[in-house]
Number of protein chains: 2
Amino acid sequence: MLVEHGGKGARMADIAKETGISRQALYLHFKSRTDLLVATTLYTGDQLDVEGRLAPSRAATSGVDRLRLYIDFWGNFLPEIYGVGKALMMVQDTDEAAAAAWADRMDAMRDGCRAAIDALLADDNLADGWTRDKAIDAFWTMLLVPNWEALTIDCGWSKTDYIHHMQTIAERTFVRQS
Amino acid sequence: MLVEHGGKGARMADIAKETGISRQALYLHFKSRTDLLVATTLYTGDQLDVEGRLAPSRAATSGVDRLRLYIDFWGNFLPEIYGVGKALMMVQDTDEAAAAAWADRMDAMRDGCRAAIDALLADDNLADGWTRDKAIDAFWTMLLVPNWEALTIDCGWSKTDYIHHMQTIAERTFVRQS
DNA sequence: GTGTCAATTGACACAGTGTCAAGAAAGAAG
DNA sequence: CTTCTTTCTTGACACTGTGTCAATTGACAC
């Protein structure tokens with residue numbers, strides 16, 4: 001339902017109706033709507049074999065490859081978690097727990113960014129003008145959901161467009177050009 | 001109030017209290033909270049002399065300068081409209097009119113992006129791999145509020161950090177490196 | 001037959017937006 | 001000094017959606 005309606009159209013009553021149980025029964029299983037959304041996020045992550053998908057970027061032999069492959073992973077992964085992620089983002093402003101849960105997910109994504117930048121550093125291939133931390137911050141920011149939203153939803157980019165151009169941006173930005 | 005609380009803490013009752021009139025009197029002047037927020041956005045824009053601030057980037061003699069000066073403008077301008085902008089963004093999901101109003105503001109920002117990319121094209125200085133439209137999309141996305149939020153609020157970057165590094169990213173990404 | 005567990009129904013509290021009706025304060029005009 | 005108009009106030013209420021509570025039902029186990 002979240003995927004279909006872009007994060008909306010999934011009130012507790014809607015979910016109850018769709019699953020064929022009463023609204024109150026939902027509260028017997030999840031202590032709040034946020035709790036349900038978080039559980040859904042985690043479940044979705046499990047279903048999608050994140051570890052397996054991350055394998056290629058982890059196996060990369062150079063920093064440049066790691067950067068490129070991580071973007072490839074993310075560009076394929078993000079659309080699949082977008083629905084529930086969006087729902088979580090939409091209640092961030094009113095719900096502390098939702099904000100924390102989503103921040104945690106984004107923090108996990110940040111680990112990948114850190115690994116990619118560190119791989120560039122190991123090759124002595126990080127472009128001039130970046131400290132390690134600033135580069136990680138910038139790369140992480142580039143991959144955040146609102147950018148994907150703007151490019152694919154507002155601007156109509158395809159998944160391929162997104163991945164390809166993000167790779168271009170990241171390489172030109174972070175890889176020393178010789 | 002919006003600036004102080006980062007877009008929150010300004011319910012109709014709060015605003016009424018602060019201004020010393022009744023909550024209902026607010027509805028005599030603004031037909032809805034969104035209407036008030038939009039009016040505030042426009043008023044703020046007027047107060048800040050947008051045209052004057054844009055002058056330097058418009059006067060740029062090269063595409064590279066135009067790109068750099070537009071980011072400079074934006075990096076100084078955005079923090080001043082962030083409060084009310086954030087409030088508008090926060091109700092986007094529930095309020096169609098707010099979404100439209102904010103989209104309109106972002107569209108105005110996009111004009112500046114278009115002008116900068118066109119200036120690069122005029123110099124035959126747009127980096128390989130970009131069509132005009134894709135470059136405008138990408139540059140516009142880079143400047144969107146969530147990126148500024150992530151970098152300054154989440155990552156603790158200063159205004160100078162933001163401007164400087166965004167300039168670096170944009171130049172490496174969009175300017176042909178010779 | 002009794003206990004337990006999950007579910008149901010229906011009612012209600014709460015926050016915040018927006019609406020409505022009745023009246024009050026204050027100045028302008030005769 | 002009255003009368004009209006405009007603006008504001010007070011207080012009540014509707015609506016949406018989340019979350020809570022109490023009483024009840026149905027099913028299965030022992």
Can you tell me how far [atom2] of [N] sits from [atom1] of [X], to the nearest Å?
X	N	atom1	atom2	answer
A/D93	C/dG16	CG	C1'	15 Å
B/D35	C/dT17	CG	C1'	14 Å
B/I15	C/dG16	CD1	P	12 Å
B/K17	C/dG16	NZ	P	13 Å

**Asked** With sugar-phosphate meaning primed atoms plus P, OP1 and OP2, does B/I21 contact a base, only sugar-phosphate, or nothing at under 4.0 Å between heavy atoms?
**Response**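 Result for B/I21 = sugar-phosphate.
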**Request:** Classify the angle between the aromatic ring planes of B/F73 and B/F77 as parallel (below 30°), tilted (30 to 60°) or perpendicular (above 60°).
**Result:**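 Because their plane-to-plane angle is under 30°, the rings of B/F73 and B/F77 count as parallel.
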**Request:** Evaluate the ring planes of A/Y162 and A/W148, with Trp represented by its six-membered ring, and classify them as parallel (under 30°), tilted (30 to 60°) or perpendicular (over 60°).
**Result:**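 Rings of A/Y162 and A/W148: perpendicular, over 60°.
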**Under-4.0 Å side-chain N/O to phosphate OP1/OP2 contact, B/H29 with D/dT7** =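 For B/H29, the contact criterion (side-chain N or O under 4.0 Å from OP1 or OP2 of D/dT7) is not met.
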Does [X] use its side chain to pair, donor to acceptor, with the backbone of [Y] at less than 3.5 Å?
X	Y	answer
B/W140	B/D107	no
B/D46	B/Y43	no
A/D104	A/A101	no

**Prompt:** Who does C/dG16 pair with, Watson-Crick or G-U, both distances under 3.5 Å?
**Reply:**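 Pair assignment: C/dG16 / D/dC15.
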**Request:** Using a 4.5 Å cut-off on heavy atoms from C-beta on, say whether the side chain of A/D123 contacts that of A/V64.
**Result:**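 Result no, sub-4.5 Å side-chain heavy-atom pair not found.
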**Request:** Could you pull out the closest heavy-atom pair between B/K86 and A/D93, with the gap in Å?
**Result:**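 Here B/K86 and A/D93 meet closest at NZ-OD1, 3.8 Å.
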**Item:** Heavy-atom closest pair, residues B/A16 and B/L26
**Value:**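 Reported closest heavy-atom pair: N-CD1, 3.8 Å.
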Listed pairs, N/O of protein and of nucleotides 24-28 of chain C, under 3.5 Å:
none

**Prompt:** Could you write nucleotides 10-25 of chain D as a row of B, S and -, 5' to 3', where a protein heavy atom under 4.0 Å of any base atom gives B, of only sugar-phosphate atoms gives S, and otherwise -?
**Reply:** BBB----SBBBB----
